[in-house]
S.K.: 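One structure follows; several queries about it will come next.
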Amino acid sequence: MSDQTVKFVLGEKDIPTHWVNLMADLPGDAPPPLHPGTKQPVGPDDLTPLFPMALIGQEVSAEPQIEIPEPVREAYRLYRPSPLFRAHRLEKVLDTPAHIYYKYEGGSPAGSHKPNTAIAQAFYNKQEGTKRIATETGAGQWGSALAFAGALFDLEVKVYMVRASYDQKPYRRILMETYGASVVPSPSPTTNYGRAVLAKHPDSPGSLGMAISEAVEDAATRDDTKYSLGSVLNHVLIHQSVVGLEAIQQMAMAGEEPDMIIACAGGGSNFAGLVFPFLGQTFRGGRKYQVIAVEPEAAPSLTRGVYAFDYGDTGKMAPIVKMFTLGSDFIPEPIHAGGLRYHGMSPMVSLLKDHGDIEARAVHQGKAFAAGVAFARAEGILPAPESSHAIRVAMDEAIAAKATGEKKVILFNLSGHGHFDLAAYQKFLDGSLEDYEYVPDEAALAALPKVG
Ligand SMILES: Cc1ncc(COP(=O)(O)O)c(C=O)c1O
């Protein structure tokens with residue numbers, strides 16, 4: 001391949017046939033999830049009201065590879081393989097000796113990496129007779145992905161959309177409704193949990209933790225409904241591994257190996273999707289990579305949180321998991337990267353951070369938007385505000401490489417496009433976008449569950 005190649009493109013036959021499960025190669029044992037009531041390890045019986053058996057099996061699987069069902073691969077063909085780009089123009093603008101590559105997941109129908117798991121989850125639910133799925137969405141990317149997957153597999157989808165995003169991004173709601181989903185702002189008056197929050201805080205901006213509680217309550221109280229989560233859980237991370245598996249093939253086409261792999265992290269799924277297949281190679285004796293998870297300063301679980309057992313949701317209905325957390329009652333400020341407004345982090349990503357296999361950095365939204373705008377002007381793609389957090393660190397590293405003269409190879413995940421985030425871009429462009437400092441919520445940290 002010439003050094004001037006911009007896109008590294010695979011054919012449909014190159015879509016992976018198996019997902020990778022890093023659980024098999026982890027450097028330590030992942031502590032089991034606990035029941036929020038009994039605080040004992042959850043068994044399949046605790047999870048069957050919420051998930052189909054195939055996904056429960058994947059959640060606890062130690063198999064290094066899991067076959068991708070043919071109907072899922074067939075649906076992946078609508079947008080996979082996704083392209084890998086070399087950011088020649090951005091490199092020129094930064095005048096850096098670094099080589100910058102990005103895996104672009106924004107070309108999926110819903111606009112992000114989220115359909116990689118939404119399609120798989122819809123497939124397994126359909127196969128096991130589910131009629132209706134309830135879920136939460138922050139930025140609206142996950143809700144759009146599940147609404148799209150629901151349309152593919154003829155499932156009803158109910159989305160609890162975090163109030164702050166519902167107000168900021170009406171067009172995301174309309175996209176979900178176009179796919180056939182029904183959408184309510186969370187906290188909503190349609191669940192006991194939502195009503196209780198609204199009684200105390202009628203103007204609550206909501207949070208992912210609250211919306212998860214509403215969707216879990218919805219699924220747990222209806223026989224025809226299961227719950228679906230767009231991040232955090234092991235099975236979600238497994239499905240996202242198609243991103244990194246393709247990127248490994250594409251970096252080989254480019255004739256380079258990344259020195260540094262970067263992705264933003266809300267619950268950890270696009271980060272894990274890109275990074276875990278590379279880390280799997282490392283753990284099996286391959287070369288080491290510098291791996292960086294980028295989170296918002298307003299919800300800095302990996303950089304400022306504690307590594308402890310905590311509830312996955314604010315209503316304390318979802319399983320308790322060991323993770324980096326700011327406390328499940330912590331409500332992040334309404335930053336525009338709605339998909340990064342989560343109090344915790346995936347248990348597997350947390351374990352790798354605790355072991356020192358990955359690093360984490362926190363970025364203010366203003367600096368992330370500045371990077372997003374610079375990226376759009378150089379490369380043309382308008383990034384999602386979440387993805388711009390990764391771009392910020394990739395650009396900072398490329399600028400640092402200029403200072404040291406190192407020819408670093410940097411790979412990052414461009415997890416989605418920002419076409420529904422124009423109101424936020426407008427605020428950035430007119431100078432009215434605010435940064436928020438993280439103030440630890442001592443009460444939220446004191447309310448961590450006591451486990452044996
Ligand atoms: C475009 C985009 N990137 C990243 C994220 C963060 O989620 P995760 O950490 O699971 O990848 C989201 C979540 O909604 C998103 O929409």
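Whatever order the structure lists ligands and atoms in, that order sets their numbers, starting from 1. We're numbering straight along the sequence, starting at 1.
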S.K.: Any side-chain donor-acceptor pair under 3.5 Å between Trp142 and Ser231?
M.R.: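 The answer is no; no qualifying pair exists.
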S.K.: What are the distances between nitrogen or oxygen atoms of ligand 1 and protein nitrogen or oxygen atoms, counting only those under 3.5 Å?
M.R.:
from	atom 1	to	atom 2	distance (Å)
ligand 1	3 (N)	Ser415	OG	2.7
ligand 1	7 (O)	Lys114	NZ	3.3
ligand 1	9 (O)	Gly266	N	2.7
ligand 1	9 (O)	Gly267	N	3.0
ligand 1	9 (O)	Gly268	N	2.8
ligand 1	9 (O)	Ser269	N	3.4
ligand 1	10 (O)	Lys114	NZ	3.2
ligand 1	10 (O)	Ser231	OG	2.5
ligand 1	10 (O)	Ser269	N	3.0
ligand 1	10 (O)	Ser269	OG	2.7
ligand 1	11 (O)	His113	NE2	3.0
ligand 1	11 (O)	Ser269	OG	3.3
ligand 1	11 (O)	Asn270	N	2.8
ligand 1	11 (O)	Asn270	ND2	2.8

S.K.: Mind checking the CD1-CD1 spacing from Ile292 to Ile358? Nearest 0.5 Å is all I need.
M.R.: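 Going from the CD1 atom of Ile292 to the CD1 atom of Ile358 covers 10.5 Å.
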S.K.: Does any donor atom in the side chain of Ser144 or Arg172 lie under 3.5 Å from an acceptor atom in the other side chain?
M.R.: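 The answer is yes; a qualifying pair exists.
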S.K.: Can a donor-acceptor pair be found between the side chains of Glu105 and Asn116 at a distance below 3.5 Å?
M.R.: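 Result is yes, a qualifying pair exists.
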S.K.: Would you mind listing every ring pair (Phe, Tyr, Trp, His ring centres under 6.0 Å) that reaches into residues 332-357, with sequence neighbours excluded?
M.R.: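 Residue pairs passing ring pair (Phe, Tyr, Trp, His ring centres under 6.0 Å), neighbours aside: none found.
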S.K.: Would Gln121 and Lys226 count as having a side-chain donor-acceptor pair, cut-off 3.5 Å?
M.R.: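 There is no such pair between these side chains.
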